[in-house]
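Below is one structure, written out as structure tokens, with a few remarks after it.
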Amino acid sequence: MPTQHSDIGLIGLAVMGQNLVLNIESRGYAVSVHNRTAEVAERFVAQHPGRRLRAEPTLAGFVASLSRPRKVMLMVQAGAAVDAVIDSLVPLLEPADIVIDGGNSLYTDTERRDARLTALGLRFVGTGVSGGEEGARKGPSIMPGGPASTWQELRPIFEAIAAQVDGEPCVVHIGPGGAGHYVKMIHNGIEYGDMQLICEAYALLQAAGCTAPEMAAIFERWNDGELQSYLIQITAKALAQTDPDTGRPIVDVILDKAGQKGTGQWTLLNAAENATVISTINAAVEARVLSAHKALRVHASTRLHGPAGTLAGIDRERFVAQVHDALYASKVVSYAQGLALMQVMSRQRGWALDLGAIARIWRGGCIIRARFLHRITEACAAEPELPNLMLAPFFRELLNRCQPAWRAVVAQAVTAGVPVPAFSASLAYYDSLRSARLPANLLQAQRDFFGAHTYERVDRPEGERFHTEWPEVIG
Ligand code: NBP
């Protein structure tokens with residue numbers, strides 16, 4: 001039985017927990033592990049002999065095995081399981097001990113738990129851990145919230161286990177309370193947007209007659225350029241994969257019904273509550289929802305008329321270049337929207353989020369890791385109070401350059417009947433933002449007409465309200 005105390009303890013040895021423990025131990029830390037089903041922890045330690053790992057079958061033994069102040073990381077299922085583990089842990093902990101929730105918890109749950117544990121003299125850190133199983137093992141992007149005092153104590157471990165890009169660890173203290181889990185939620189929302197945009201590019205290339213192997217080559221080429229990212233890379237590999245049973249491209253035999261775990265929907269709700277537009281992410285979440293209604297779509301496909309969804313006879317090479325630009329521009333809009341939402345919440349909650357640093361820690365370890373993220377860091381450094389990412393010189397020039405092709409792609413998609421909800425939502429946002437005058441003047445007239453809501457005038461100071469006696473409408 002080891003007598004030395006462990007540096008940190010982890011509860012929840014499913015796929016994420018196991019890989020994170022192996023990562024932490026490999027950086028020179030002794031780790032105690034505990035799992036509700038105790039055999040899982042014992043088997044895990046037995047499978048890794050010679051490591052500084054210690055399985056503790058009881059929670060009391062687990063807590064007693066840790067050096068003070070104790071650092072207890074939870075990697076259990078988000079939701080009720082986190083509360084259940086905290087309930088059992090609390091009586092065993094001492095003031096200043098740190099409980100870290102590394103699961104995908106909703107940031108408002110994190111804020112509730114933070115308030116509860118703080119009142120008990122404990123410290124709570126809700127942290128985003130991105131990158132799935134491989135990230136957990138080899139280096140995730142880590143987004144810790146919680147009090148600044150915890151960052152000083154967790155920093156050496158987190159910096160050691162995080163992904164490294166250009167010699168910098170992909171972790172930074174995000175902010176107090178639920179800030180870490182909030183930023184992880186936005187990361188996931190942006191991930192939804194990126195994935196849908198890539199799927200729309202795929203649909204367009206397919207409509208233009210490209211085969212799966214041809215598209216694999218196109219995405220591979222794109223991955224060597226400005227669009228370089230993990231998601232483009234895996235898309236190329238997925239398109240190149242053959243189904244062993246049929247010999248067909250695997251994407252052709254996969255059913256077109258998307259799943260989701262809910263973090264995208266959380267992002268939508270948060271944007272709606274804060275009157276912020278995230279139309280690209282919105283379109284991405286809704287595209288998944290609509291895809292799941294397969295039977296209804298199959299039925300409607302024989303009842304609702306429209307073009308066949310093909311782009312036959314198109315200049316393929318030119319079109320591929322246009323789709324590239326449309327994808328890049330749409331992606332920038334999606335990030336601009338996600339960043340704008342973070343800015344709104346940062347002000348509202350007093351989190352002081354450093355958007356440039358957040359973009360920097362997303363460069364490695366996480367699903368949205370991409371070359372262009374350093375451009376966001378640069379833009380934020382040049383102008384910390386940037387009103388919208390699209391207005392930063394690099395992105396402004398990029399959008400101005402890409403917009404003719406982007407427009408051509410959306411127009412051709414609409415004409416051919418290829419649904420591109422995220423491409424079009426991005427373009428509509430771009431066009432709305434650059435419209436000095438929108439038709440909201442008529443909307444105000446309508447509101448004043450039926451509800452006497454009043455309106456402002458273009459020729460009078462802002463804030464002065466007017467009402468018109470509109471003609472009566474009979475019937
Ligand atoms: P799961 O989300 O599948 O959770 C399984 C773990 O939770 C097991 O250790 C299980 O113990 C434990 N658990 C449950 Br379920 N209910 C419990 C309870 N009431 N009390 C104590 N323990 C309980 O594991 P995961 O896929 O490794 O994910 C862990 C967290 O990381 C989740 O929040 C997830 O959303 C997040 N995450 C996952 C990924 C990914 O790629 N999987 C990526 C990023 C973040 P048992 O063995 O006794 O059933």
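Every number for a ligand or one of its atoms is a count from 1 in the order of the listing. The residues of the chain are indexed from 1 along the displayed sequence.
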Counting non-hydrogen protein atoms only, what is the nearest one to [atom]? Give residue, atom name and distance.
| atom | value |
| --- | --- |
| atom 49 (O) of ligand 1 | Arg36 NH2, 2.9 Å |
| atom 9 (O) of ligand 1 | Asn35 OD1, 2.8 Å |
| atom 32 (C) of ligand 1 | Val76 O, 3.6 Å |
| atom 5 (C) of ligand 1 | Ala14 CB, 3.6 Å |
| atom 26 (O) of ligand 1 | Val15 CG1, 3.6 Å |

Short list, please: which atoms of ligand 1 are under 4.0 Å from a heavy atom of [X]?
| X | result |
| --- | --- |
| Val85 | 20 (N), 21 (C) |
| Gly12 | 9 (O) |
| Gln77 | 2 (O), 4 (O), 7 (O), 15 (Br) |
| Val129 | 44 (C), 45 (C) |
| Met75 | 29 (C), 31 (O) |
| Thr37 | 46 (P), 47 (O), 48 (O) |
| Gly132 | 41 (O), 43 (C) |
| Leu13 | 9 (O) |

Nearest heavy atoms of Gly259 and Arg288, plus distance in Å: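 Closest pair (atom of Gly259, atom of Arg288, distance): O-NH1, 3.0 Å.
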Ring centroid separation Tyr107 to Trp266 under 6.0 Å: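 No; Trp266 has its ring centre 6.0 Å or more from that of Tyr107.
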Aromatic ring pairing Phe62/His34, orientation class (parallel under 30°, perpendicular over 60°, tilted between): tilted
Mutual orientation of the aromatic rings belonging to Trp351 and Tyr182 [parallel < 30°, tilted 30-60°, perpendicular > 60°]: tilted
Face-on cation placement of Arg375 at Phe394 ring, 6.0 Å and 45° thresholds: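 Yes, cation above the ring, under 6.0 Å and within 45°.
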Contact check: Met16 vs ligand 1, nitrogen or oxygen atoms, below 3.5 angstrom: yes
Any N or O of Lys261 closer than 3.5 Å to N or O of ligand 1: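 There is no such contact.
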Check ion pair Asp166-Arg363 (N to O, under 4.0 angstrom): yes
Under-4.0 Å salt bridge between Asp97 and Arg123: no
Intermediate values then yes/no, salt bridge (charged side-chain N to carboxylate O under 4.0 Å, His left out), Arg112 and Asp83: CA-CA 10 Å; Arg112 171 175 56 76; Asp83 287 313; 3.1 Å; yes
Side-chain touch Asn270/Met345, heavy atoms, less than 4.5 angstrom: yes
Option of least heavy-atom distance to atom 45 (C) of ligand 1 (set: Ile86, Asp83, Asn104):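 The nearest heavy atom belongs to Asn104.
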Test item: side-chain donor near acceptor, Ser65 and Ser32, under 3.5 Å: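 Yes.
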